[in-house]
Amino acid sequence: MAKKSCIEKAHKKKRLIAKFATKRAELKKAMANPELDFEAKISIQKQLESLPLNSSKVRDRSRCWLTGRPRGYHRDLGVCRNALRLMAHKGMVPGMTKASW
């Protein structure tokens, strides 16, 4: 189980990403315009840099919804490897059984 402070920090980042997503997308779209002159691109870049660092989607870290663990995360199910193993043993994941040969 991850520390509650780390989990709360991740939730805060997600809220910040959602808050600034439209503004960041608009600035990036404006930056991609090839007809802009150099000074305009510099001003758009400064606006992008003025946004909070944690509002960038790259800063988001995938975490297990069950334990909050950031490592060994399975994208398809949204859980870490430890939780996936326990769920598979209990038969909670359809079609997944423990391998034995």
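Ser56 places no side-chain N or O within donor-acceptor distance of the main-chain N or O of Leu53, the cut-off being under 3.5 Å.
The side chain to side chain donor-acceptor pair (under 3.5 Å) analysis of residues 11-34, with sequence neighbours excluded, yields the pairs Lys14-Asp60, Arg24-Ser55. A side chain to side chain donor-acceptor pair (under 3.5 Å) check over residues 61-73, counting only residues at least two apart or in different chains, returns nothing. Residue pairs meeting the salt bridge (Lys or Arg N to Asp or Glu O under 4.0 Å) criterion with at least one partner in residues 32-41, sequence neighbours excluded, are absent.
In this structure, the side-chain contact (heavy atoms from CB on, under 4.5 Å) partners of Gln45, at least two apart in sequence or on a different chain, are Met31, Leu48, Glu49.
Grouping Ile, Leu, Val, Met, Phe, Trp and Tyr by side-chain contacts under 4.5 Å, direct or through others, leaves Ile17 on its own. Taking Ile, Leu, Val, Met, Phe, Trp and Tyr as hydrophobic and joining them when side-chain heavy atoms fall under 4.5 Å apart, one finds Phe38 in a cluster with Ile42.
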Could you pull out every donor-acceptor pair under 3.5 Å between side chains of residues 78-97 and any protein atom, sequence neighbours left out?
none

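The minimum heavy-atom distance between Leu16 and Pro52, with the atom names listed, is CD2-CB, 4.0 Å.
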